[in-house]
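Below, chain A is the first sequence line, B the second, and so on; all start at residue 1.
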Amino acid sequence: MISKTYAPQDIEAKWYQYWLENKFFASKPNPDKEPYSIVIPPPNVTGVLHMGHMLNNTIQDVLIRKARMEGKEACWVPGTDHASIATEAKVVAMLKERGIEKKDLTRDEFLAYAMEWKDKYGGIILEQLKKLGASCDWDRTRFTMEPSLYQAVIDTFVRLYEKGKIYRGVRMVNWDPQGKTALSDEEVIDKDIQAKLYYITYNVVGEEGSLTIATSRPETIMADSAVCINPNDERYTHLHDKTVKIPLLGREIPVILDEYVTMDFGTGCLKVTPAHDLNDYELGLKHKLPVIDILDDAGFLNEKAVLYVGQDRFAARRNIVKDLEEAGHLVKVEEYKSIVKTSERTGAVIEPKLSLQWFLEMKEISQPALENVMNDNIKLYPPKFKNMYSSWMENVRDWCISRQLWWGQQIPAYYLQDGTVIVAKSKREALHKAQHELQLFALTEEDLTQDPDVLDTWFSSWLWPISVFDGIENPDNEDIKYYYPTNDLVTAPEILFFWVARMIIAGYEWRGELPFRNVYLTGIVRDKLGRKMSKSLGNSPDPLDLIAKYGADGVRTGMLFSSPAGNDLMFDEKLVEQGRNFCNKVWNAYRLVEGWNATEISQPQENLLSIQWFESRLNQTIIDVQEHFVKFRISDALLSIYNLIWDDFCGKYLEMIKPAYEQPIDKATFEATISIFEKLMCLAHPYMPFITEEIWQAISERGANESICRAEYPLAGEVNTQILGDFDAMFTLVTKIREIRNAKQLSPKTALPLSIKTEEKARYQTLEGIIQKLANTETIEYVSDKVNGAISFVVKADEFFINLAGEIDVEAELANAKKELEYNLGFKKSTEAKLANERFVANAKPELVERERQKLADAESKIKALEEMIESLSK
RNA sequence: GGUUUCAUAGCUCAGCUGGUUCAGAGCACCUGCCUUACAAGCAGGGGGUCCUAGGUUCGAAUCCUAGUGGGACCA
């Protein structure tokens, strides 16, 4: 006996194993087939599956499974990226637990620990994807730190350097004093805080008097190079050309003039600290001020500060405020709202810091990437992101690609003792270059020191669509030629700039071609309150728990029920519940059909018609689904399939052909039903791979290595609109009868007598058996006159009567009929008005006008029928 | 602050090229049913100023302008 409810657990494990054993997801170049490829957005190797991954990877799996069934050579490449800062932070934390400090290790020792860590935790997320049903070609799993991908990064660096696109420069960067590395702007998060504004007086040198500045960072006064005032500020004209003395420290600095200073913020006097503020740095450049950097890499004050040396920046702030106050230099402290930049990874407050970093010049290299998105060679879904994309690309800044970390691709730059830089793929090549190009033949490898920094993780993931096919190292290999450009990329809008745009840039730079044709941007998964789901908030369910509770198919469909491209998904477990219920519905349809006994009895006419009707509905839906997919309306396509299966197949079709209890079904109908069921399973398979496989396997005899994974995706056949129309009218009739039964509080078991007054008897005669089954009619007869004392209603131009002796409430019937008449008269009036409007008839499309005429005719016949009905009721 | 995007039922969202009296789906809600596949179900029902004000048009939820309110990106 089959279980009454669908139990996914065993089924999922069984089929996933079967798919892997038979290598259904493996792909290799096949010239006879059209390639279809997707590269996974490589999850962070330290990561575990979260709701965003679930959404993102479900969509990719839907796309790839559909393509595979459509006979394309479908290849979904999985993998992970090394996430240098996040992983390094975790490794450092792990070492700390073991009592080991990073600074006590050599680079190689540290990397050995990192690899150990990666081997232990690195594969978790990919295993989790298997639970979701992801049909990746697992043999192709790549990792951004594996030798060939590592080498690709090194090679691209060297080539870009040789092209003059990479340079080394001093810049004010976002410094993470905890991670001790520079961060890109994208890795920095602005946080609103309640800050304090300290008013501090500086004495003027050589005379009485002082000025007061306002600052939120009093500990940086030791790094001041000047005080700046606006030349138009009349309050301070007496200070022009003066010098002031830094409190406590006593160092003298000039008063400079610049219109940059806002007169109404603070006191209008701005202390200028070029080493510790980006704006001040630029002001310093303009006025040729000295740069005094008083902070070390960890955010502690160094000897240049003179005071508070060795103290943490926040401790120094507390102390200097106290000392300033005691010295009488602190005028007041004000609260004010400000933003502080923090590190996305460590949470530390960012320190603007001048440092020597490697940069990639972006202006020229990014041109094709801008053009080809704007001209739709690469399409973004939804297209609203084009605007954001273009504004970013038009104002693109040079990319700081160095990070002061060990976990990552070490920058292939080698320094001679005099500081000369040589960029080469290896130390040996660098030596060779030095010897030949600089004529330094006595040099040995010991004289070369490699740059200790690594490259930004994005500098390896921007190559991902190429490097997973070894297209950098071996640009003419079979895989890259066959699978590249890939077809679709599915990712989050958050990384549109620092990943998607850069992949496009890399695509044109290294292959002269786009990396993918379509970019589908998913939304952010939020909770019911609209908050982004995150570990720290604890508002995210564990995806694996959800799968255990509702089944992978239930979770997949649940997530996709309401996730239009680019819009956030307000996640609610209700959705997943709905997904599970859908699985259960399908399961029970299977249970019903499975229990049928097919025999050689003749096929009733009604069954044949039902089959024809359903096939038309099916074909119509297949057409809809295809249209939705072309536009990446993944959610709408699912909803079409859902409605087809639940309402039309289960709710109507199966009810129409269902034999009476313990009665056999005719073979022709049975076989047609099996064939329909198979098609439905194929249609739904990309969304719900497990249950569809289970049913597909059970419903017919299958060969040893067959799978729905590789079955043919249904193609649309003919749509018979005549039959669809007839059935629609019939369903309306059935609903009306049920409505009466409900209104009269009659049991569904009570059979009702139905009389029909129609000009087109034939339309209903062929469907009598179905009407009887669906509406539970006792008798169906055709009349040419009203049935007195019966409840009546109108469908199209036909009148129907249910004769329930004594049950009729004439007043209510009359009121109903009048209301309906009124509506139809109004409808008629507006349609007539439309048709009487010459400009409408002249301007609207002809088929539209024709449709209006038809509507008018329908309304008129209905009005006639209603009027007759009202007349007879009024008697 | 600049740019951009969105606003439709209690909630989440469809509504595609302006054209059915167009206002729709799912969930939630109400009523009645444990009917022999399914109560994770079946039958039926109520519910909306399509943000506001103008405009274009024969015709506007849909196009334009302004306003209001939310989001995103940049500063």
Side-chain angles (χ1 to χ4, degrees), chain A residues 2-6 185-186 190 339 382 384-392 395 493-494 496-497 523-524 526 528 530 550-551 554 561-564 566-572 574-575 577-596 627-628 630-631 633 635-636 638-640 642-643 646-647 650-651 654-655 658-663 734-749 774-776 823-831 833-845 847-849 851-852 854-856 858-859:
Chain A
I2 312 171
S3 160
K4 224 170 135 171
T5 48
Y6 173 59
D185 289 342
E186 289 80 12
D190 286 347
I339 46 166
K384 66 177 179 185
F385 287 105
K386 270 171 80 173
N387 276 327
M388 223 155 83
Y389 181 88
S390 73
S391 72
W392 190 75
N395 300 300
E494 306 165 289
L496 182 59
F497 308 142
I524 295 165
R526 297 179 181 278
K528 269 195 277 189
Y550 296 101
F561 275 133
S562 181
S563 56
N567 281 353
D568 291 354
L569 167 65
M570 301 297 169
F571 182 81
D572 186 339
K574 277 272 173 211
L575 287 169
E577 198 181 309
Q578 195 188 341
R580 178 205 54 183
N581 294 355
F582 182 41
C583 291
N584 198 48
K585 188 71 186 175
V586 172
W587 181 250
N588 276 288
Y590 162 64
R591 284 180 63 217
L592 174 68
V593 173
E594 191 266 349
W596 281 344
E627 277 176 14
H628 287 317
V630 166
K631 294 172 183 162
R633 297 167 186 265
S635 218
D636 298 75
L638 170 61
L639 224 45
S640 294
Y642 177 88
N643 287 328
W646 198 309
D647 298 340
C650 297
L654 289 179
E655 293 298 332
K658 185 159 88 176
Y661 185 53
E662 291 194 328
Q663 293 300 302
V734 169
T735 300
K736 286 274 187 191
I737 297 172
R738 287 170 171 172
E739 214 173 301
I740 288 164
R741 195 192 306 279
N742 246 318
K744 299 290 171 201
Q745 305 268 335
L746 296 172
S747 154
K749 287 174 188 156
L774 297 186
N776 190 18
Y823 172 91
N824 280 284
L825 284 171
F827 180 84
K828 183 183 165 209
K829 201 173 155 193
S830 84
T831 311
K834 209 179 268 188
L835 286 167
N837 184 335
E838 274 172 40
R839 290 210 268 183
F840 171 71
V841 180
N843 294 332
K845 283 181 236 159
E847 62 266 28
L848 206 69
V849 178
R851 208 157 71 197
E852 291 297 314
Q854 187 57 50
K855 267 158 52 186
L856 183 60
D858 288 350

Taking all atoms of both residues into account, what is the closest heavy-atom pair of A/Phe561 and A/Leu575, and its distance?
-> CD1-O, 3.9 Å
Within the structure shown, what part of the strands sits under 4.0 Å from A/Cys583 by heavy-atom distance: base, sugar-phosphate, or nothing?
-> nothing
With a non-hydrogen cut-off below 4.0 angstrom, is A/Asn584 in contact with a base, only sugar-phosphate, or nothing?
-> base
Scan every strand shown for a Watson-Crick or G-U wobble partner of B/U36, both distances under 3.5 Å, and answer none if you come up empty.
-> none
Pairwise C1' distance for B/U49 and B/U68, with rounding to whole Å | 16 Å
Phosphate oxygens OP1/OP2 of B/A37: is one of them under 4.0 Å from a side-chain N or O of A/Lys658?
-> yes
Partner of B/G2 by Watson-Crick or G-U wobble geometry, both contacts under 3.5 Å, or none?
-> B/C73
Quick one: does A/Asp636's side chain have a donor or acceptor within less than 3.5 Å of a partner on A/His628's backbone?
-> no
Watson-Crick/G-U partner (both atom distances under 3.5 Å) of B/C63 | B/G55
Rounded distance in Å between the P positions of B/U56 and B/C64 = 15 Å
C1' atoms of B/G19 and B/A61, separation to the nearest Å | 13 Å
What distance, rounded to whole Å, do you find between the two P atoms, one in B/U4 and one in B/C42?
-> 48 Å
Tell me: CZ of A/Arg526 to P of B/G70, nearest whole Å?
-> 15 Å
If pairing requires Watson-Crick or G-U wobble contacts with both distances under 3.5 Å, which nucleotide is the partner of B/U21?
-> none
Tell which nucleotide pairs with B/U68, taking only Watson-Crick or G-U wobble pairs whose two distances are both under 3.5 angstrom.
-> B/A7
Of the non-hydrogen atoms in A/Asn584 and A/Lys4, which two are nearest, and what is the gap between them?
-> OD1-O, 4.0 Å
Is any side-chain N or O of A/Lys4 closer than 4.0 Å to OP1 or OP2 of B/A40?
-> no
B/G41 and B/U35, which share atom name P, separated by this distance in whole Å | 16 Å
Nucleotide B/G71, atom C1' - distance to CD of A/Glu494 in whole Å | 13 Å
Start at the 5' end of RNA chain B and walk down; is the nucleotide closest to A/Arg633 or to A/Ala589 reached first?
-> A/Arg633
Could you tell me the separation between the CG atom of A/Asn742 and the P atom of B/U35, rounded to a whole number of Å?
-> 16 Å
Has the side chain of A/Lys574 got a donor or acceptor atom sitting under 3.5 Å from an opposite partner on the base of B/C27?
-> no
Base-pairing mate for B/A43 - Watson-Crick or G-U, with both contacts under 3.5 Å = B/U31
Run the salt-bridge test on A/Glu655 and A/Lys658 with the 4.0 Å N-O cut-off and return the result as yes or no.
-> yes
Rounding to the closest angstrom, what is the interatomic distance between B/A53 and B/U17 at atom P?
-> 27 Å
Out of B/C27, B/A40, B/A14, which has the shortest distance to the side chain of A/Asp636?
-> B/A14
May I ask you to evaluate whether A/Thr735 reaches the phosphate of B/G44, defined as a side-chain N or O under 4.0 Å from OP1 or OP2?
-> yes
Find the partner of B/A14: check Watson-Crick (N1-N3 plus N6-O4 or O6-N4) and G-U wobble (N1-O2, O6-N3) distances, both under 3.5 Å, and reply none if neither fits.
-> none
On RNA chain B, more 5' by nearest nucleotide between A/Trp596 and A/Ile524 is A/Trp596
Closest to the A/Asn581 side chain: B/C38, B/A40, B/A72?
-> B/A40
Distance below 4.0 Å between A/Asn588 side-chain N/O and B/A40 OP1 or OP2 | no
No-hydrogen, no-angle side-chain donor-acceptor test under 3.5 Å, A/Tyr550 and A/Gln578 | no
Would you mind telling me which of B/G44, B/C38, B/A25 lies closest to the side-chain atoms of A/Leu639?
-> B/A25
So, A/Asn588 side chain and A/Thr5 main chain: donor-acceptor pair closer than 3.5 Å or not?
-> no
If you check the A/Met570 side chain, which of B/U21, B/A37, B/C13 turns out closest?
-> B/C13
Between B/C38 (P) and A/Glu655 (CD): distance, integer Å = 11 Å
Shortest side-chain distance from A/Trp646, nucleotide among B/U21, B/C42, B/U12 = B/C42
Protein-nucleotide distance (A/Lys384, atom NZ; B/C16, atom C1'), rounded to Å | 16 Å
Evaluate the ring planes of A/Trp392 and A/Phe497, with Trp represented by its six-membered ring, and classify them as parallel (under 30°), tilted (30 to 60°) or perpendicular (over 60°).
-> parallel
Could you give the distance separating B/G47 and B/U8 at their C1' atoms, to the nearest angstrom?
-> 14 Å
When rounded to the nearest Å, what value does the distance between C1' atoms of B/A43 and B/C34 take?
-> 14 Å
Hey, is the main chain of A/Ala775 close enough, under 3.5 Å, to the side chain of A/Arg741 for a donor-acceptor pair?
-> yes
Atom CH2 of A/Trp392 to atom P of B/A75: distance rounded to whole Å?
-> 11 Å
In whole angstroms, how far is the C1' atom of B/C38 from the CZ atom of A/Arg580?
-> 12 Å
Roughly how many Å is it from CD in A/Glu739 to C1' in B/G32, rounded to a whole number?
-> 14 Å
Considering only B/U4, B/A37, B/G26, which nucleotide approaches the side chain of A/Asn387 most closely?
-> B/U4
